Amino acid sequence: MGGGGSAPAAGNAASGPNDPWVALREQASEALTHTLRSLGWTGTKEELARALEVGPEGKADLALPLFRLAKPLGRRPEELATSVAAAIPPSPAFAQVSAVGGFVNFHLEPRAFALSTLRAVLGAEEHYGEGAPKEGKVCVEHTSANPTGPLHVGRSRNTVIGDTLVRVLRAAGWKVTSQFYVDDVGRQAAMLVWIWSRAPSDWPQEIRDASQLPPDGARPKDLKADHWYGRPYPSTAAYVKEHKEAARSLADLTDRMESGALPKEEYRRVPREILEGILSSLRRMGASFDEFVWESDFLFDGSVERVAEKARTSPRYRRADDGAEAVDGSDLGLPKDSPLVYMTRSDGTFLYPIRDVAYHLQKFSRFDRVVDVLGEDHKLHARGLMALLDAAGEKRRPEVLTYGFINLPEGRMTTRGGRVVNLDQVLDEARDRAVEEVRKRRHDLAEEEVQRIAESVGSGAVRFHLLRVQPEKPIVFRWEEALSFEGKSAPFVQYAHARASSLLRKAQGSDDGPMARPAPPSAADLPPELHPKELALLRSLSELPGLVEKVSEGRSVHLLALYAHEVAERLNEFYQELRVLNSEPPVRSFRISLVAATRQVLSNVLGLIGVEPLERM
RNA sequence: GGGCCUGUAGCAUAGCCCGGAUCAUGCACCUGCCUUCUAAGCAGGAGUACUGGGGUUCGAAUCCCCACAGGCCCGCCA
């Protein structure tokens, strides 16, 4: 990979037991340490292992730049590289060690490398890429959208990033629990309870008109719950703003909810319905949650009071003249002109941030690592949370992963301005376009299978599109790009997987039945020469374990999408250039192993990014 | 006004944390390739790009400073 591809090179981080690079790095740094020491160098092997980089493909597999090392030895880098390369003893893993410029370049022995990579992949099968089990439990909270209506694509970026992070952390060896924090407290939640406590026919005229209800006021059969129950939300918000008596009755309702006078099953009914609708959309994208935590639970279990009590003894504590209580976070990056994080209103009722602290304390009591996936609009609130946690005497902090907004070409998405693109719209449109594409190429498939493939291709394309960009970059949503089925897209990867699957079906001679699992080859099975396309593919396959480790550490989930594309691309290049099924015996079985290993890696990486690997399309 | 993030070919992006070998990929554009393993593919071409200016370094897209441009935020809402 390295300079040759767009995906990242395997990092230096220690990877799991099935990483072919671990032994290679070890051998190279071992040999280099001995050689350099004999030339008067005094550093450590660890130092070298860190400096050892993955070289530009074609030039070197592993490379050590000597510029820094040459200086204290009083030698020229080029000349030092030459003597080092000449002094490295031969080994079975490396065919050649050469000096170019100031670099010492290690070139892999192709057959040994092919063998170790195929063995790693075919030996571990669906576990290839996974790291060794790690001590400790991780909580990843993501999405946590207010259940006031259908999810828009902007928010679903949170889900895609969060769900992928959950998958990759699991693969890296952590025990992971995913949580959705459900907001059923406050004005927004009360608004829905307020309007839905009456039948639509009893709603104020303005709200009915703006909600565009069907004439009979009944929910259409095919309308999802989140769309139906969320429909009056924007107009209710506007209505309450303009009608004093409505505002008063809403405030009254909020009080009754927050004081516990209203049974929680009564005010959770509508949010629960909407949440179900949202979740069914998320399931289409392969995302689900282990646990749901309802915000209102922290209202009545005494935990907020405990936080407040603790905070009152903190030097950060501030109390305004009118009784509102806050915490000072000016030293923690809160704005100098408003460094206060309020935890209670002047009437003594609790505010959202303190419930969030109670929630995080609960997380810390159960988990060793706490990760929050948040939109960049919540960055400052996260800082406020840190200040409150500090005041509450909690030393641990959540790891916050923020992502940029998804805007439309004409500007920001707004629910009230009617300028939104809902996730459901995008998924439906993607599926419809995929149906056309499948029909164009396959005339032999049953309608049911066409639909199934199209759903998977469509939702995969959407998920991939939201994932492939570095999280902190803002995205401008364009339909043509989100719904592209070629190039850097999920269908491109799924297609490669289907292609590999088809080859293997033909190789085993039956078009259906379970796929045979080829055994890892032995040295005798390998052809004497390997083709560059075969080597390039193997090189990519070998990098999954290092990548899983790197992504789980750095949380750069977009790299997984780019890696998936690279593997698929290299399979395609291999496929186009070389025959598999009708090649001569030693080559044929080797290539079948290579295809099987590629299919396995594609399947594993698609699993990591939450896209379904398709057997045919 | 202040804070955080981002700026790479016509468009969209990777590489930036941790400086290293001619800056990589996709879309769009041009030329080829389906009577042999799925053309959602492959081969080739053109295009030209690290926002601008300083600095550090043997070496800067990468680190530092300044400027400019875009995103987000600066509620006793959640």
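A note on names: the letters A, B, ... follow the listed sequences, proteins ahead of strands, and every chain is numbered from 1. Note that this is a predicted model, so its numbers are computed, not measured.
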Is the base of B:rA21 stacked against the aromatic ring of A:F103, taking ring centres under 5.5 Å apart and planes under 30° as the test?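 Yes.
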Aro-ring/base stack A:F67-B:rG20, d under 5.5 Å, angle under 30°: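 Here A:F67 meets both the 5.5 Å and the 30° conditions.
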Is the glycosidic torsion of B:rC34 within 90° of 0, making it syn, or is it anti?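 For B:rC34, whose glycosidic angle is within 90° of 0, the conformation is syn.
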Just checking [X]: base, sugar-phosphate only, or nothing, at a heavy-atom cut-off of under 4.0 Å?
X	answer
A:L503	base
A:E472	sugar-phosphate
A:Q494	nothing
A:A63	base
A:L571	nothing
A:H378	base
A:E577	nothing
A:V438	base
A:V457	base
A:R355	sugar-phosphate
A:M617	base
A:N582	base
A:K336	nothing
A:S346	base

Would a 4.5 Å heavy-atom cut-off, applied to side chains only, mark A:F574 and A:T598 as touching?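 A side-chain contact under 4.5 Å is absent here.
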To the nearest Å, give me how far apart [atom1] ([X]) and [atom2] ([N]) are.
X	N	atom1	atom2	answer
A:F106	B:rA21	CZ	P	18 Å
A:F405	B:rC72	CZ	P	7 Å
A:H465	B:rC11	NE2	P	17 Å
A:D184	B:rA78	CG	P	12 Å
A:R383	B:rC72	CZ	C1'	13 Å
A:E437	B:rA39	CD	P	15 Å
A:K71	B:rG59	NZ	P	9 Å
A:K550	B:rC18	NZ	P	13 Å

Would you kindly check whether a donor in the side chain of [X] faces an acceptor in the base of [N], or vice versa, at under 3.5 angstrom?
X	N	answer
A:K488	B:rU25	yes
A:H381	B:rA78	yes
A:N105	B:rA21	yes

Between A:N407 and B:rG70, is there a contact of a side-chain N or O with OP1 or OP2 at under 4.0 Å?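 Looking at the OP1 and OP2 atoms of B:rG70, neither is under 4.0 Å from any side-chain N or O of A:N407.
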Tell me whether the side-chain N/O atoms of A:R499 come closer than 4.0 Å to OP1 or OP2 in B:rA39.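 Checking A:R499 against B:rA39: at least one side-chain N or O falls below 4.0 Å of OP1 or OP2.
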Can you tell me how far [atom1] in [N] sits from the matching atom in [M], rounded to whole Å?
N	M	atom1	result
B:rU48	B:rC73	P	40 Å
B:rC4	B:rG44	C1'	46 Å
B:rA67	B:rG59	P	27 Å

Given RNA chain B, 5'-ward residue of the pair A:L66 and A:L340, judged by closest heavy atom: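 The residue whose closest nucleotide sits nearer the 5' end is A:L66.
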First of A:V100 and A:F492 reached from the 5' end of RNA chain B, by closest nucleotide: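 It is A:V100 whose nearest nucleotide is closer to the 5' end.
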How far does CD1 of A:I274 sit from CG of A:L151, to the nearest 0.5 angstrom?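 Between atom CD1 of A:I274 and atom CG of A:L151 there are 12.0 Å.
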Do [X] and [Y] have a side chain donor and acceptor closer than 3.5 Å?
X	Y	value
A:S583	A:R579	no
A:E325	A:Y317	yes
A:S484	A:H465	no
A:H360	A:D372	yes
A:S502	A:R616	no

Go through [options] for me and flag the one nearest to the [X] side chain.
X	options	result
A:K506	B:rA14, B:rC37, B:rG41	B:rC37
A:R579	B:rC27, B:rC74, B:rU36	B:rU36
A:K379	B:rC4, B:rA14, B:rA78	B:rC4

Scan every strand shown for a Watson-Crick or G-U wobble partner of [N], both distances under 3.5 Å, and answer none if you come up empty.
N	value
B:rC33	B:rG41
B:rG26	B:rC11
B:rC4	B:rG71
B:rU62	none

Between A:R75 and A:L80 (side chain of the first, backbone of the second, donor and acceptor by atom type, cut-off under 3.5 Å), is there such a pair?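 Not a single qualifying donor-acceptor pair exists.
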Taking NZ, NE, NH1 and NH2 as the nitrogens, is one of them in A:R355 or A:D183 under 4.0 Å from a carboxylate oxygen of the other?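 A:D183 and A:R355: not salt-bridged.
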